[in-house]
Structures are given as C-alpha cells and as structure tokens.
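Here is how names work: the chains are called A, B, and so on, in the same order as the sequence lines, proteins then strands, and each is numbered from 1.
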Amino acid sequence: DTEVTQTPKHLVMGMTNKKSLKCEQHMGHRAMYWYKQKAKKPPELMFVYSYEKLSINESVPSRFSPECPNSSLLNLHLHALQPEDSALYLCASSQGSGGRHADTQYFGPGTRLTVL
Amino acid sequence: GENVEQHPSTLSVQEGDSAVIKCTYSDSASNYFPWYKQELGKRPQLIIDIRSNVGEKKDQRIAVTLNKTAKHFSLHITETQPEDSAVYFCAALKRNYGQNFVFGPGTRLSVLP
C-alpha cells in the first residue's frame, strides 16, 4: 500500500461546529504532517508528528488541534473555525528515519473544508 | 528561516518544447530539494528530488540540477506534452531541523497543443 488516505473528501461546517479530519497511511512511515493550502498558493505546514510525538507546530491557532493515536493515523480536530479557515487540508507522510528516501513526503488527496 | 523563491510564476510552451523552472533558497543548510506537480483539484505528487551531495538527476523527460554555491535548483522538462500542464512547486528541507519543508510559490505551466 503506497497511499495516504484522507476522510472526508469535502466538509462544510458552521463556525460553532466541532468536526475532525482523518488521515491514514500503511507504509510504515513514522512522520506525518498536516498542511493547509489556499487556492493558488503552496501548501503551508501546520503540524509535524515524528514517531507519534508533535515535533513542529507552526504557530497554528488553537482552534486546530492535532492528534496522532498511533503510527498510522493522524487526526485534525476543528472547533470554532472562521470563514478564512476554508481551504484544502492535506495530510502527508514520510519515512522519518535515516535512509535514501527518508525525507520524501507522500500526500493524501486532501479534505476541502468550507466554513460558513 | 528558509525562504524559497520560484520563477516564473506562469509559463506557456508549445507541445514538444522544453520548460525550465528555477528556484532559489536562502539557507545554505538546506539539503533536500523535491519538486511536486499538482493538477487542479488533486494532491501534490512528487516528480523528482535531489540531495545536496548530487549536482544533477534525471528521470526520463524530467531532470533537476542543483547549484549549491549559488543556492538554486532547476526543473527541466523536455518534449513537453499537454498532460504536463499543472502547477509545479519546488521545496527545500533542512534534514536535521524537524523535517520542515518550505515550498516555493509555484509555477503554472501550460503546454499548448
């Protein structure tokens, strides 16, 4: 299995809702990432988990809360979002250890989030 | 921190011609440079990458060159085809700094039939 999967594909939520985005990989990768991508912009790193521990948090507002239940799963919990948070949310994974392909990131298809 | 610039922002070529996209980075400690292709509504897909200990890498019609002294790297696509039309992103990574990729702003490539 060489894929990163994400659910749901699309999500529409109000500013008072609580929802979660899910990401899964079965490549044995030990690093997983959340990115936010606005239209016509590059992916912007939000969080990095390495060996199930949060290693980078790029000053993301607390209304986004990541969780890594195990080495294959990554969640992003959403609460009290703003309309400007509407974007494509991409998950990625990489081997996260030494080796020739350790740094190569594989992206999931993304969740297109709309906040009303 | 790292800053990655990418040029041009848009590029139109005739089918069969070559396309070149150039990126510059600011941090000399960066040591891994991937290129991603993103079609409309789809995920970024890795097309080629290069490490700082290599000057050039080629994979069929795609090649990447790296000039560490000048801190720039370039993507070369030869014999372009309409299906090469997409947005291309370069990125730079400092391997020992928490795997924090910094992406360039992207180049929209259009291959005209």
Side-chain angles (χ1 to χ4, degrees), chain A residues 2-7 9-10 23 25 27 29-51 53-60 74 87-113, chain B residues 1-10 21 23 25 29-54 57 59 64 66 73 75 86-110:
Chain A
T2 57
E3 268 210 8
V4 178
T5 59
Q6 288 185 245
T7 55
K9 285 187 177 180
H10 302 275
C23 175
Q25 57 87 14
M27 295 180 278
H29 288 176
R30 303 312 301 266
M32 296 185 76
Y33 312 77
W34 280 116
Y35 287 89
K36 174 183 178 181
Q37 187 177 27
K38 301 282 270 186
K40 300 185 179 181
K41 296 289 186 183
E44 184 182 329
L45 185 68
M46 300 174 72
F47 302 104
V48 179
Y49 273 85
S50 181
Y51 289 81
K53 289 191 188 319
L54 184 64
S55 64
I56 293 179
N57 174 350
E58 290 288 309
S59 302
V60 178
L74 187 64
L88 180 68
Y89 287 83
L90 292 161
C91 173
S93 71
S94 66
Q95 284 184 3
S97 58
R100 186 178 170 193
H101 300 290
D103 301 317
T104 303
Q105 290 194 10
Y106 298 90
F107 283 86
T111 293
R112 187 157 302 280
L113 174 67
Chain B
E2 177 63 277
N3 181 50
V4 178
E5 296 184 356
Q6 185 172 347
H7 298 281
S9 57
T10 60
I21 303 170
C23 286
Y25 59 98
S30 291
N31 53 18
Y32 174 65
F33 307 95
W35 284 91
Y36 285 88
K37 174 185 179 182
Q38 188 173 28
E39 296 175 72
L40 190 62
K42 297 196 174 178
R43 75 187 83 188
Q45 289 200 298
L46 180 75
I47 55 171
I48 198 165
D49 56 9
I50 194 166
R51 297 193 175 279
S52 58
N53 59 349
V54 176
K57 184 176 176 181
D59 183 4
V64 56
L66 171 66
F73 55 111
L75 177 70
V87 177
Y88 290 81
F89 293 103
C90 62
L93 171 69
K94 289 191 290 187
R95 177 65 177 88
N96 296 321
Y97 286 81
Q99 298 162 308
N100 185 357
F101 271 30
V102 176
F103 282 83
T107 295
R108 181 171 297 280
L109 173 65
S110 299

Q: Count the heavy atoms belonging to other residues, nucleotides or ligands that lie under 6.0 Å from NZ of B/Lys42, then report whether that count exceeds 12.
A: no
Q: How close do A/Val4 and B/Arg43 get, counting heavy atoms only, and between which atoms?
A: O-NH1, 3.5 Å
Q: When rounded to the nearest 0.5 angstrom, what distance separates OG1 in A/Thr104 from OH in B/Tyr32?
A: 3.0 Å
Q: Which pair of non-hydrogen atoms, one from B/Phe103 and one from A/Pro42, has the smallest distance, and what is that distance?
A: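 Shortest heavy-atom separation between B/Phe103 and A/Pro42 comes out as CB-CB, 3.7 Å.
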Q: Stepwise, does the ring-ring contact (aromatic ring centres under 6.0 Å, His included) test hold for B/Tyr36 with A/Phe107?
A: CA-CA 10 Å; B/Tyr36 285 88; A/Phe107 283 86; 5.3 Å; yes
Q: Does any backbone or side-chain atom of A/Gln37 lie under 4.5 Å from a heavy atom of chain B? Answer side chain, backbone, both or neither.
A: side chain
Q: Which region of B/Pro44, side chain (C-beta onward) or backbone (N, CA, C, O), has a non-hydrogen atom less than 4.5 Å from a non-hydrogen atom of chain A, or is it both or neither?
A: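 Both parts, backbone and side chain.
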Q: What's the spacing between B/Leu46 CG and A/Ser94 OG if we round to 0.5 Å?
A: 11.5 Å
Q: Stepwise, does the side-chain contact (heavy atoms from CB on, under 4.5 Å) test hold for A/Tyr35 with B/Phe101?
A: CA-CA 10 Å; A/Tyr35 287 89; B/Phe101 271 30; 3.6 Å; yes
Q: Measuring heavy-atom distances to chain A, does B/Gln6 have an atom under 4.5 Å in its side chain, in its backbone, in both, or in neither?
A: neither
